[in-house]
Amino acid sequence: MAPDMIGVFGGTFDPIHFGHLRTALDVMQSVGLDEIRFIPLHNAVHRDQPETPAELRLEMVRLAISQQQGFVVDEREIRRTGDSYTVETLASLREEQPQRSLCLLLGMDAFNGFADWYRPDEILRLAHIIVMQRPGEEGPKDSRVKRLLHRSQANTPAQLRTEDCGLILQQAVTQLDISASHIRSLLVQGQTPRYLLPEAVLQLIENNHLYRVDHTK
Ligand code: ATP
């Protein structure tokens with residue numbers, strides 16, 4: 001029998017939106033993953049720090065995924081203090097579930113910066129990578145990332161089941177031009193981001209008066 005494969009989807013989720021949710025569901029269905037773990041980061045290593053306290057980002061993820069079977073929230077990075085290193089998260093998942101192989105989900109923008117992550121080679125010894133296309137993001141530009149892709153590209157989802165880790169699949173997903181930064185900027189301007197994210201998440205944002213102040217200045 002083919003081994004179980006689980007998706008690992010890390011993000012600041014500040015806030016979580018339909019661009020995360022629909023694309024993750026596309027991947028779960030197209031690749032045949034048993035589960036996708038949404039893992040909110042505590043601190044972000046490669047980008048600006050999240051604006052919203054970890055507990056509230058966690059709660060937004062919980063609300064957003066509660067209706068979808070196979071979507072699971074994973075608190076390990078929020079509970080771990082300090083920087084969030086994907087390699088450590090994957091190693092701890094591997095240790096807990098040695099019989100399942102791991103697929104790290106990355107949007108094309110995140111994959112583009114992958115060569116500068118902490119221990120990218122080690123990440124590929126622990127997991128496959130599934131790259132989700134994102135509007136406005138062409139293929140990788142960094143020559144190191146291009147080389148990695150050339151060396152490790154999987155051409156079909158089925159190929160991921162032939163190895164335990166180390167392959168990179170580019171997966172077509174619904175193209176939703178939605179980003180957390182755009183949602184935050186709408187809120188700063190006093191506009192509503194309704195229909196870009198789940199209503200329950202919007203209610204939590206409103207009840208807690210989140211994203212009212214422009215932190216980019
Ligand atoms: P921000 O606008 O603050 O940078 P974001 O919308 O990119 O945030 P993150 O939480 O940083 O959200 O993203 C987590 C992961 O989800 C990343 O791998 C990112 O590439 C991917 N992602 C986010 N939005 C989309 C989208 N619309 N389509 C495909 N992938 C996405």
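These numbers come from a predicted model, not from an experiment. For the single chain, residues carry numbers from 1 onward in sequence order.
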Applying the side-chain contact (heavy atoms from CB on, under 4.5 Å) test to Leu202, which of Leu196, Thr192, Asn207 qualifies?
Thr192
Can [X] and [Y] be counted as an ion pair, charged N to O under 4.0 angstrom?
| X | Y | value |
| --- | --- | --- |
| Asp121 | Arg125 | no |
| Glu75 | Arg62 | yes |
| Arg100 | Glu95 | no |

Show your reasoning for whether salt bridge (Lys or Arg N to Asp or Glu O under 4.0 Å) applies to Arg94 and Glu88.
CA-CA 10 Å; Arg94 236 16 248 253; Glu88 289 172 16; over 6 Å; no
Run through Asp177, Thr23, Asp109, Asn112 and flag the one making a side chain to side chain donor-acceptor pair (under 3.5 Å) with Arg134.
Asp109
Pro15 and Tyr211, any side-chain heavy atoms less than 4.5 Å apart
yes
Polar side-chain atom of [X] near backbone of [Y] as donor-acceptor pair, under 3.5 Å:
| X | Y | value |
| --- | --- | --- |
| Arg57 | Leu41 | yes |
| Gln189 | Ser185 | yes |
| His128 | Leu167 | yes |
| Gln175 | Gln133 | yes |
| Ser92 | Thr89 | yes |

Do the rings of His17 and His20 sit parallel, tilted or perpendicular, given the 30° and 60° boundaries?
parallel
Hey, mind stepping through Leu210 and Met60 against side-chain contact (heavy atoms from CB on, under 4.5 Å) and telling me if it holds?
CA-CA 12 Å; Leu210 301 179; Met60 289 193 272; 4.2 Å; yes
